[in-house]
Amino acid sequence: MVEMSDININEKPQWCPGCGNFGILMALKNVMVEMNLEPKNTVIVSGIGCNSKLPHYVNTYGYEGLHGRTLPLASAVKIANRKLNVIAMSGDGDGYGEGVQHFVHICRRNYNITYLVHNNQIYGLTTGQASPTTERGQKTKSTPFGVLESQFNPLANAIIHGATYVARTFAGDMKHMKEIIKGAIEHKGFSLVDILQPCVTFNKHNTYQWFQERVYKLEDNDYKPDDYFKAIEKSYEDIISDYKKIPIGLFYKAEKQIYENELPQLKEKELVEYSEPVDIKGLIKEFL
Ligand SMILES: Cc1ncc(C[n+]2csc(CCOP(=O)(O)OP(=O)(O)O)c2C)c(N)n1
């Protein structure tokens with residue numbers, strides 16, 4: 001049985017006091033214990049950003065990659081060894097800005113990967129520039145006269161491009177976060193969990209109180225996550241209501257073929273189980 005002491009690590013998080021990342025870290029660790037996810041079989045892959053330091057604070061395998069390249073790395077890990085639990089994480093900048101092209105195509109492929117996006121509606125690590133999910137009109141360091149673009153809708157994009165578990169939760173609600181993350185890890189296919197996360201230092205607009213006054217749970221409203229078009233429509237409620245209502249919960253869930261299970265090269269065994277060393281020189285020669 002996995003105990004909390006197995007996944008705790010003697011490393012103090014470098015986040016600002018009150019940062020939503022603390023809650024996300026705690027929720028993930030609790031889920032790992034509840035689901036008995038063994039650290040030796042779990043890899044947390046991240047990009048660059050405040051959020052992306054999280055793999056340093058859990059005793060699993062971890063890989064902090066390049067900015068925006070979280071998903072290609074996570075998919076490479078999955079293809080190398082499907083037996084691993086692969087949890088990828090990004091910020092809204094990393095995932096929906098620099099990494100958006102990967103996001104689209106990884107949704108299409110439907111890898112069995114859990115993707116947690118710490119959506120604080122700002123570039124945190126670089127101290128407060130607008131991100132793709134910053135509200136239109138909001139003044140930030142990079143938009144002193146207000147954001148001119150309309151907001152990126154991560155949930156609609158995930159559904160349209162083929163993700164099979166699409167959910168949103170809130171870093172101020174530990175119970176909800178745990179349930180949604182647990183469902184995402186249990187799900188067989190690509191799951192996006194967009195986590196609304198206050199950045200207490202660089203986003204003074206989307207505060208804990210601001211969210212608490214607006215979020216409501218889909219599951220309390222008889223919502224069923226099995227209707228593709230209804231899910232897309234629901235994912236626009238925050239934008240359409242001018243942020244008076246922000247639904248959280250499971251928007252969409254479906255079953256679909258998993259990309260890595262259809263690769264003919266992996267029919268017999270995992271890539272890491274092939275014992276023959278790769279002939280690098282021969283391979284290079286072949287391509288020259
Ligand atoms: C290719 C590249 N472009 C830009 C940067 C600078 N940079 C580092 S972190 C970051 C933004 C991080 O914001 P987000 O992904 O939202 O994560 P947060 O820090 O808010 O958790 C940027 C632009 C970089 N490291 N690499």
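Atoms within each ligand, like the ligands themselves, are counted from 1 in listed order. Along the sequence shown, residues are numbered consecutively beginning with 1.
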Nearest non-hydrogen partners of Tyr96 and Leu192, listed with the distance: OH-CD1, 3.8 Å
Counting from 1 in the order shown, the ligand 1 atoms closer than 4.0 Å to a non-hydrogen atom of Asn51 are 17 (O), 18 (P), 21 (O)
Using a 6.0 Å cut-off, check whether atom OH of Tyr61 has over 12 heavy atoms from anything other than its own residue. no
Heavy-atom neighbours of Lys269 NZ exceed 12 at 6.0 Å: yes
When only distance counts, is Leu125 in polar contact with ligand 1, meaning an N/O pair under 3.5 Å? yes
Please report which non-hydrogen protein atom sits nearest to atom 6 (C) of ligand 1, along with the residue it belongs to and the distance in Å to one decimal place. Thr126 CG2, 4.0 Å
Could you find the nearest protein heavy atom to atom 4 (C) of ligand 1 and give me its residue, atom name and distance? His67 CD2, 3.6 Å
With under 30° as parallel and over 60° as perpendicular, where do the rings of His67 and Tyr123 fit, or are they tilted in between? perpendicular
Pick one of side chain, backbone, both or neither for how Asn120 approaches ligand 1, counting any non-hydrogen atom pair under 4.0 Å. side chain
Please list, in number order, the atoms of ligand 1 under 4.0 Å from a heavy atom of Gly124. 13 (O), 18 (P), 19 (O), 20 (O)
Numbering as shown, the atoms of ligand 1 that approach Cys50 to under 4.0 Å (heavy-atom distance): 18 (P), 19 (O), 21 (O)
Does any N or O of ligand 1 fall below 3.5 Å from an N or O anywhere on Asp94, backbone included? yes
